[in-house]
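Just so we're on the same page: letters track the sequence lines, and every chain starts at 1.
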2 protein chains.
Amino acid sequence: MPAGELNRSVIARAALTLVDREGLGALSMRRLGAELGVEGMAVYHHFANKDALLDEVVTEVLRQTAPEPTGDWRADVRALSHAFRNTVRAHPALLMVTMTRPVDTPETAAFREAQYAALTAAGLSGGALLDAHRTWGSYLVGYLVVEYQAEHSGYRDSDWTPTRRDGFPLTAGLSPYQAGRGWDEQFDVGLDLVLDGISALRGRSR
Amino acid sequence: MPAGELNRSVIARAALTLVDREGLGALSMRRLGAELGVEGMAVYHHFANKDALLDEVVTEVLRQTAPEPTGDWRADVRALSHAFRNTVRAHPALLMVTMTRPVDTPETAAFREAQYAALTAAGLSGGALLDAHRTWGSYLVGYLVVEYQAEHSGYRDSDWTPTRRDGFPLTAGLSPYQAGRGWDEQFDVGLDLVLDGISALRGRSR
DNA sequence: ACCTGAACACCGTTCAAGT
DNA sequence: ACCTGAACACCGTTCAAGT
């Protein structure tokens with residue numbers, strides 16, 4: 001692969017496509033250098049270390065724009081939730097890296113402002129709005145982790161079916177209900193459940 | 001450190017205390033061997049590889065028992081939530097490992113059965129119960145990740161305060177409400193919000 | 001200024017050799 | 001059966017040397 005121009009953005013994007021293609025374990029400085037047609041140690045002239053590189057990669061991933069508000073706060077919350085989920089799921093191998101590293105860029109700030117706007121449109125303000133936002137955000141993050149865990153393990157696709165049922169009657173009895181529902185649908189179901197809770201907060205401001 | 005008896009459980013516990021004390025990065029086969037008074041390669045006689053060792057460590061961590069039911073389903077859901085959070089937070093360096101590896105032991109199965117029991121006591125059943133359980137679980141996992149992220153970054157303790165506020169009026173306006181609330185308290189606030197949503201599911205079974 | 005190549009101190013893992 | 005010690009193929013990172 002010819003070198004072209006070598007700068008932070010080019011290196012970060014090469015790292016991203018490498019991780020998308022071969023997983024997080026494939027990302028080493030030497031390997032990345034080879035991908036860029038350069039010696040691996042050259043990367044250290046653009047990034048202090050691997051950690052700084054990963055920060056830039058995550059920043060690259062989260063360079064998304066928030067969907068336009070529609071006036072319907074529930075629709076806006078759903079749209080923002082889907083945007084976030086789609087963005088993160090576009091690079092599943094990086095999930096744990098994105099979860100661990102806080103990113104504070106104009107893009108992430110604008111996205112959060114849009115989240116606040118949707119909750120404001122829902123009639124929330126002050127501390128109650130922050131409570132709703134933090135709970136909503138926890139649900140988003142947690143659902144992505146649970147979904148990722150289910151996909152990268154022995155569980156059947158789009159199921160959360162436990163295998164160990166002997167001596168656990170409730171678990172056994174629920175097993176028939178586990179089938180036939182996809183992660184996209186279940187994401188919305190849980191989201192609506194959280195939104196019902198958020199609706200109940202209206203009026204309060206703590 | 002004298003060798004004593006060397007078996008899977010002893011090795012896993014040594015790995016756990018090593019990670020608790022010096023972080024996940026300190027866990028290497030050679031280092032762990034030294035901790036046990038033995039050559040690192042001896043561990044391979046008890047575990048196929050490092051992955052298998054980590055599985056056992058996580059299993060060790062999740063060897064907790066569920067609190068007894070009280071008859072008050074909301075109290076039970078809170079108790080189970082606190083038990084889970086306390087268990088995971090006892091080993092923060094292992095959070096991302098515990099999040100990624102599904103564990104299916106008698107202990108985790110019993111804990112899940114207790115969760116189902118609390119939701120049954122709430123009047124849920126069938127698909128609606130599973131929806132509630134998955135949403136509740138997502139919140140628990142997500143809150144722990146968010147909490148961990150806040151603790152291991154530049155943010156102030158027990159705050160989720162964004163630093164970038166110029167041009168984001170809602171973010172700026174909410175900043176005064178960020179102060180003075182702890183993670184323990186906020187965990188319960190979000191949990192109650194989710195439980196309000198769960199309450200609304202009663203009667204439905206999908 | 002930017003890249004190279006060798007070097008250092010580590011990894012996980014394998015395997016013949018010891019007891 | 002269990003542990004050792006050397007070896008292999010990698011790591012991240014540093015740094016003198018090249019251009």
Query - Partner residues of A:Q115 under the side-chain hydrogen bond (donor to acceptor under 3.5 Å, both in side chains) criterion, sequence neighbours left out - result: A:H133

Query raised in the report: With A:R8, which residues qualify under salt bridge (Lys or Arg N to Asp or Glu O under 4.0 Å), at least two apart?
Result: A:E56

Query raised in the report: Using Watson-Crick and G-U wobble pairs whose two distances are both under 3.5 Å, how do you write the pairing of DNA chain D as dot-bracket, with | for links to another strand?
Result: ||.|||||...|||||.||

Produce the list of close N/O pairs, under 3.5 Å, pairing protein atoms with atoms of nucleotides 12-15 of chain D; give distances to one decimal.
unit_1: D:dG12; atom_1: OP1; unit_2: A:K50; atom_2: NZ; d: 2.8
unit_1: D:dG12; atom_1: OP2; unit_2: A:M29; atom_2: N; d: 3.0
unit_1: D:dG12; atom_1: N7; unit_2: A:R30; atom_2: NH1; d: 2.7
unit_1: D:dG12; atom_1: O6; unit_2: A:R30; atom_2: NH2; d: 2.8
unit_1: D:dT13; atom_1: OP2; unit_2: A:Y44; atom_2: OH; d: 3.0
unit_1: D:dT13; atom_1: OP2; unit_2: A:K50; atom_2: N; d: 2.9
unit_1: D:dT13; atom_1: O5'; unit_2: A:Y44; atom_2: OH; d: 3.4
unit_1: D:dT13; atom_1: O4; unit_2: A:R30; atom_2: NH2; d: 3.2

Query raised in the report: Rounded to whole angstrom units, what separation is found between the CG atom of A:L6 and the C1' atom of C:dT4?
Result: 13 Å

**Report entry** Side-chain H-bond candidate by donor/acceptor type, A:T17 with A:R13, under 3.5 Å
**Finding:** no

Report task. Look at B:H46 and D:dC3 and indicate whether a side-chain polar atom (N or O) is within less than 4.0 Å of OP1 or OP2. Result -> yes

Requested in this report: With sequence neighbours excluded, tell me which residues meet side chain to side chain contact (heavy atoms under 4.5 Å, CB included) with B:R31.
Outcome: B:L18, B:E22, B:S28, B:E35

Pairwise N/O distances under 3.5 Å, protein to nucleotides 16-19 of chain C:
none

Report summary line: Those residues at least two apart in sequence (or on a different chain) that pass side-chain hydrogen bond (donor to acceptor under 3.5 Å, both in side chains) with A:R63 are none

Report summary line: Applying ring-ring contact (aromatic ring centres under 6.0 Å, His included) to B:F84 and not counting sequence neighbours gives none

Requested in this report: With sequence neighbours left out, write down each residue that passes side chain to side chain contact (heavy atoms under 4.5 Å, CB included) with A:D72, or none if nothing qualifies.
Outcome: A:T70, A:R74, A:A75

**Report entry** d(CG, A:L36; C1', C:dC2) in whole Å
**Finding:** 14 Å

Query raised in the report: Of all residues at least two apart in sequence or in a different chain, which pass the side-chain hydrogen bond (donor to acceptor under 3.5 Å, both in side chains) check with A:T100?
Result: none

Report summary line: Residue set satisfying side-chain hydrogen bond (donor to acceptor under 3.5 Å, both in side chains) with A:E113, at least two apart, ordered chain then number -> B:T171

**Report entry** Residues that A:D55 engages under salt bridge (Lys or Arg N to Asp or Glu O under 4.0 Å), provided they are two or more places apart
**Finding:** A:R101

